[in-house]
Amino acid sequence: MRRLKTGLVILMCAWLAACASSAPSKQEMIIGAWQAEFEGQSMTLEYGESQVRVREFGMSFPYEWIDADSIRLNAMGQEVVSRVDFDSPDVMRQTADGQTQTMRRVP
């Protein structure tokens with residue numbers, strides 16, 4: 001009986017640890033500053049919950065999640081839908097119209 005209780009306690013602890021360490025969603029991972037190259041120019045994009053700001057130009061554009069993997073960005077009247085993937089917490093890929101942009105997290 002004592003072994004059964006000990007086994008159940010260990011199992012419960014392992015289950016709670018697994019729940020506590022679940023991976024963050026893409027919506028949470030995108031928040032922050034990301035550096036990327038656009039047509040040979042380095043830019044820093046700062047993603048908030050619903051706005052992305054181009055640090056170098058001080059311009060912001062709205063974006064929204066259209067499903068768990070894709071965002072819709074409205075940049076000066078031009079709408080772009082991108083699939084968002086993370087190679088790691090510090091490397092993000094956005095794919096739109098067959099082109100992939102790799103971004104790295106920065107302070």
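Scope of the values below: all heavy atoms of this structure, side chains included, with no hydrogens, waters or symmetry mates.
- Contacts classified as salt bridge (Lys or Arg N to Asp or Glu O under 4.0 Å) and involving residues 98-107 (residues at least two apart or in different chains) are given here: D90-R105.
- Few gaps surround CG on D87; more than 12 heavy atoms of other groups in view lie less than 6.0 Å from it.
- Nearest approach of P107 to R55, heavy atoms of both residues: O-NH2, 3.3 Å.
- The hydrophobic cluster containing F61 does not contain V80, counting ILVMFWY residues as joined when their side-chain heavy atoms lie under 4.5 angstrom apart, directly or transitively.
- In this structure, W65 and A68 approach most closely via the heavy-atom pair CZ3-O, 3.9 Å.
- Within the model, atoms CD of Q51 and CD of E46 stand 12.0 Å from one another, a figure rounded to the nearest 0.5 Å.
- Screening Q94, Q101, M92 against W34 for a side-chain contact (heavy atoms from CB on, under 4.5 Å) leaves a single residue, M92.
- Partner of Y47 under the side-chain contact (heavy atoms from CB on, under 4.5 Å) criterion, chosen from R53, Q27, M103: M103.
- Looking only at side-chain heavy atoms (C-beta outward), I71 and V81 stay at 4.5 Å or farther from each other.
- From E64, atom CD reaches atom CD1 of I66 across 7.5 Å, with rounding to the nearest 0.5 Å.
- In this structure, M76 and M59 have side chains that are in contact, with non-hydrogen atoms separated by less than 4.5 Å.
- Here CD of Q35 is found 4.5 Å from OG1 of T44. Values are rounded to the nearest 0.5 Å.
- The salt bridge (Lys or Arg N to Asp or Glu O under 4.0 Å) analysis of residues 25-42, with sequence neighbours excluded, yields the pairs K26-D69, K26-D85.
- Within a 6.0 Å sphere centred on CD of Q78, heavy atoms belonging to other residues, nucleotides or ligands number 12 at most.
- L45 and I31 fall within a single hydrophobic cluster, where Ile, Leu, Val, Met, Phe, Trp and Tyr are joined by side-chain heavy atoms under 4.5 Å apart, directly or via other members.
- When all heavy atoms of Y63 and I30 are compared, the closest pair comes out as OH-CG2, 3.7 Å.
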